[in-house]
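A short write-up of the structure that comes next.
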Amino acid sequence: MTSRPTISFAKFAAPKKGSVFVFAADGGGLGEAAKASDPAGALTRAFPVADFSGKLASSAEVLAPEGTSVDRLVAIGAGKVSSLDDNAWLKLGGAVAASLRKATEVAVILDLPELQPDGRQAASLAAGILLRSYSFDKYKTRKDKEDGQSDRKTGKPARVTIHCADPAAAKKAFAGEEAVVDGVLLARDLVNEPANALGPVEFAERVKALETLGVEVEILTEKEMKKLGMGSLLGVAQGSPRGARLAVMRWNGGKAKDAPVAFIGKGVTFDTGGNSMKPASGMEDMKGDMGGAAAVTGLIHALAARKAKANAIGVIGLVENAVDGHAQRPGDIVTSMSGQTIEVLNTDAEGRLVLADVLWYANDRFKPKFMINLATLTGAIMVALGQHYAGLFSNNDELAGRLFGAGQASQERLWRMPLGPEYDKLIDSKNADMKNIGGRYGGAIVAAQFLQRFVKDTPWAHLDIAGTAMGAPSSEVNQSWGSGFGVRLLDRLVRDHYEG
């Protein structure tokens, strides 16, 4: 894997070596500490030549600058100082990481005209550096000579020192931010892994590793799930020799008597579509059909690592939807843990069959305050929203509002979609209690209506992350195929509303 930069914080001092990054406000203005790092004014002279105006996340650099012994001076545009929020600092950290190149000794001078960012902003900057630096290259064995990052992939990590007004406060704030970053990177790793290396059993083993953080982990096998009556989930798994697992994660950081908050993830480690087989073109992307389970795992990691003062449950259903002589057939009828029967008209609408039993199990066993499930569930949500928003469906306006706000704050954005009896009747079946697909239109809504039949009256939200968890557009803080979408969003939700 790419060498991860190390981050430290220090008081302002003029660096003597390596690469030095400073920030320029809109119009190219520099703070006093930035000017001290460029005594000959090399950057100021370079700005007009480079047509650099300080636009957010833009950059200009000078190599071997006059008047100093450092290797490079790089100015990163900060835009309008009055508009800088935590997400802007995250993006600025990404801009720094994008310009690191082969540098191993890096100083970041964190000041601007009329602003010395506080510890939280310094921590957001550092988090952005780590998020952007991620690359999934563990299976590459040859060094690419033309890759500007190749030395870092095989050599020493960059040592980044952030010079700021209050290093102690920055270090304290970064401890929490780094815990969340680690959760995002774990989710990215899981989504990026090939399916031959990460099946249900291997995924469950990754979950067990959370025990080192104090998470209680329980893994159920097919035998236990059969006793519980999880015919809906097990029906999806029956075509694969790799088995199925249900992973339960418990973080007990709140008061003992407080009901937990619950997060449920779809974990289809590879989805052929089963007998309703997908087209060959693009099927390789179905290694990422466990993006919901990855996000839940990353979230519980984040909450435990930062010792969140909340009781949180993560439950993920892990299956492989394969096709062989034992695979589920269109027209089969299965009985879910709830006792409701389902006519499986399309074996490629399998994620909802997995989630039906996992939602019922989590609700019945843990009696949570709410349940939020995440799933790469439908291509229809991408038709509706593209790949910049995930779909939000909910039976509870307060929970939906809080999720929407957390999405805006974290920039892992959501858009609420409708639910209603008109859509629900589309999944009524003549042969069973329900069928797993509706008609041609409103596919994402129909899938959500299906899930709602397994949550009773518990406040619940369904996040359809098919367009945002894998293959999403690159951003200032993510260049990876697997984005880790949902970890920062849900951590923000818990942080803002559910910690004691």
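The first residue in the sequence is number 1, and the count goes up from there.
- For the residue pair Gly443 and Thr378, the shortest heavy atom distance occurs at O-CG2, 4.1 Å.
- Note that the CG atom of Leu198 and the OG1 atom of Thr269 stand 6.5 Å from one another [nearest 0.5 Å].
- Enclosure of atom NZ in Lys309 is not indicated, since only 12 or fewer non-hydrogen atoms of other residues, nucleotides or ligands lie within 6.0 angstrom.
- For residues 349-383, the set of pairs meeting the ring-ring contact (aromatic ring centres under 6.0 Å, His included) definition, not counting sequence neighbours, comprises Phe263-Phe370, Phe370-Tyr498.
- Under a 3.5 Å cut-off, the side chain of Gln408 and the backbone N or O of Leu414 do not form any donor-acceptor pair.
- Annotation: side chain of Ile316 is not in contact with side chain of Val248 (no heavy-atom distance under 4.5 Å).
- Scanning all heavy atoms of the two residues, the minimum distance from Ala400 to Ser394 falls at CB-CB, 3.9 Å.
- Note that Arg416 lies outside the cation-pi zone of Phe393, set by a 6.0 Å cut-off to the ring centre and a 45° limit from the axis.
- With hydrogens and angles ignored, the 3.5 Å screen pairs no side-chain donor or acceptor of Asp464 with any backbone N or O of Gly391.
- With salt bridges taken as basic N to acidic carboxylate O contacts below 4.0 Å, one links Glu222 and Arg245.
- A salt bridge between Lys266 and Glu350 is present, with a side-chain N of the basic residue lying under 4.0 Å from a carboxylate O of the acidic one.
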How far apart are the C-alpha atoms of Asp289 and Thr376, what are their side-chain angles, what is the distance that settles it, and do they pass the side chain to side chain donor-acceptor pair (under 3.5 Å) test? CA-CA 6 Å; Asp289 207 17; Thr376 50; 2.5 Å; yes
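- Between Ala362 and Pro368 the shortest heavy-atom distance is O-CD, 3.9 Å.
- Looking at Arg206 and Glu193, a side-chain N of the basic residue comes within less than 4.0 Å of a carboxylate O on the acidic one, giving a salt bridge.
- To the nearest 0.5 Å, atoms CG (Leu403) and NE2 (His497) are separated by 8.5 Å.
- For the pair Asn396 (side chain) and Leu399 (backbone), a donor-acceptor distance under 3.5 Å is present.
- Side chain of Glu216 to main chain of Trp251: no donor-acceptor pair is present (N/O by atom type, distance under 3.5 Å, no hydrogens or angles).
- Minimum interatomic distance between Leu131 and Leu185 (heavy atoms only, all atoms of both residues): CD2-CD2, 4.2 Å.
- With respect to Arg4 and Asp182, a salt bridge is recorded, a charged nitrogen being found less than 4.0 Å from a carboxylate O.
- Using a 4.0 Å cut-off between charged side-chain N and carboxylate O, Asp271 and Lys287 make no salt bridge.
- At a threshold of 4.5 Å between non-hydrogen side-chain atoms, the residues Leu190 and Met290 count as touching.
- Using a cutoff of 4.0 Å between basic side-chain nitrogens and carboxylate oxygens, Arg365 and Glu218 are scored as salt-bridged.
- The two residues Ala170 and Ala123 make their nearest non-hydrogen contact at O-CB, 4.1 Å.
- Once rounded to the nearest 0.5 Å, the distance linking CG of Asp85 with CZ of Arg120 reads 9.0 Å.
- For the pair Arg306 and Asp491, the salt-bridge criterion is met [side-chain N within less than 4.0 Å of a carboxylate O].
- Considering CG of Asp424 and CD1 of Ile445, their distance stands at 12.0 Å, rounded to 0.5 Å.
- For the pair Ser83 (side chain) and Gly79 (backbone), a donor-acceptor distance under 3.5 Å is absent.
- At a cut-off of 3.5 Å, with distance as the only test, a side-chain donor of Asp433 or Thr341 sits close to an acceptor on the other residue.
- Residues Ser338 and Gln340 bring a donor and an acceptor atom of their side chains to less than 3.5 Å of each other.
- Using a 4.0 Å cut-off between a side-chain N of Lys or Arg and a carboxylate O of Asp or Glu, Glu202 and Arg242 qualify as a salt bridge.
- Side-chain contact between Leu125 and Leu90: absent, with no pair of heavy atoms (C-beta onward) separated by less than 4.5 Å.
- Here the CG-CD1 distance, from Leu100 to Ile129, works out to 7.0 Å after rounding to the nearest 0.5 Å.
- For Tyr139, the OH atom is densely surrounded, since the number of other residues' heavy atoms within 6.0 Å is greater than 12.
- For the 3.5 Å distance criterion, the side chains of Thr458 and Asn363 qualify, holding a donor opposite an acceptor.
- Distance alone, capped at 3.5 Å, is enough to place a donor-acceptor pair between the Thr212 side chain and the Ala209 backbone.
- The existence of a salt bridge linking Glu422 and Lys425 is excluded, since no basic side-chain nitrogen approaches an acidic carboxylate oxygen closer than 4.0 Å.
- The environment of NZ in Lys307 is sparse: at most 12 heavy-atom neighbours from other residues, nucleotides or ligands sit within 6.0 Å.
- Residues Leu228 and Leu220 meet the side-chain proximity criterion, which asks for heavy atoms closer than 4.5 Å.
- Under a cut-off of 6.0 angstrom, the local environment of OH in Tyr423 is sparse, with at most 12 non-hydrogen atoms contributed by other residues, nucleotides or ligands.
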Quick one: do Asn321 and Thr272 satisfy side chain to side chain donor-acceptor pair (under 3.5 Å)? Show the steps, please. CA-CA 6 Å; Asn321 189 23; Thr272 65; 4.9 Å; no
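- Put simply, CE on Met470 and OG on Ser480 are 12.5 Å apart, with the number rounded to the nearest 0.5 Å.
- Applying the side-chain hydrogen bond (donor to acceptor under 3.5 Å, both in side chains) rule to Asn373 yields the partners Trp460, His462; only residues at least two apart in sequence or on another chain are considered.
- Checked by atom type and distance alone, the side chain of Thr347 pairs as donor or acceptor with a backbone atom of Asn275 at under 3.5 Å.
- When all heavy atoms of Ala126 and Ile162 are compared, the closest pair comes out as CB-CD1, 3.8 Å.
- Side-chain atoms of Asp357 come within 3.5 Å of backbone N or O of Leu233 as a donor-acceptor pair.
- Shown here is Trp415, whose CH2 atom has no more than 12 heavy atoms of other residues, nucleotides or ligands within 6.0 Å.
- Between the side chain of Gln479 and the main chain of Ser475, a donor-acceptor pair closer than 3.5 Å is present.
- Glu224 and Thr221 share a side-chain donor-acceptor pair at under 3.5 Å.
- Looking at Arg132, its side chain does come within 3.5 Å of a backbone N or O of Glu476 through a donor-acceptor pair.
- When side chains are defined from C-beta on, Ile437 does not count as touching Ile427, because their heavy atoms never get closer than 4.5 Å.
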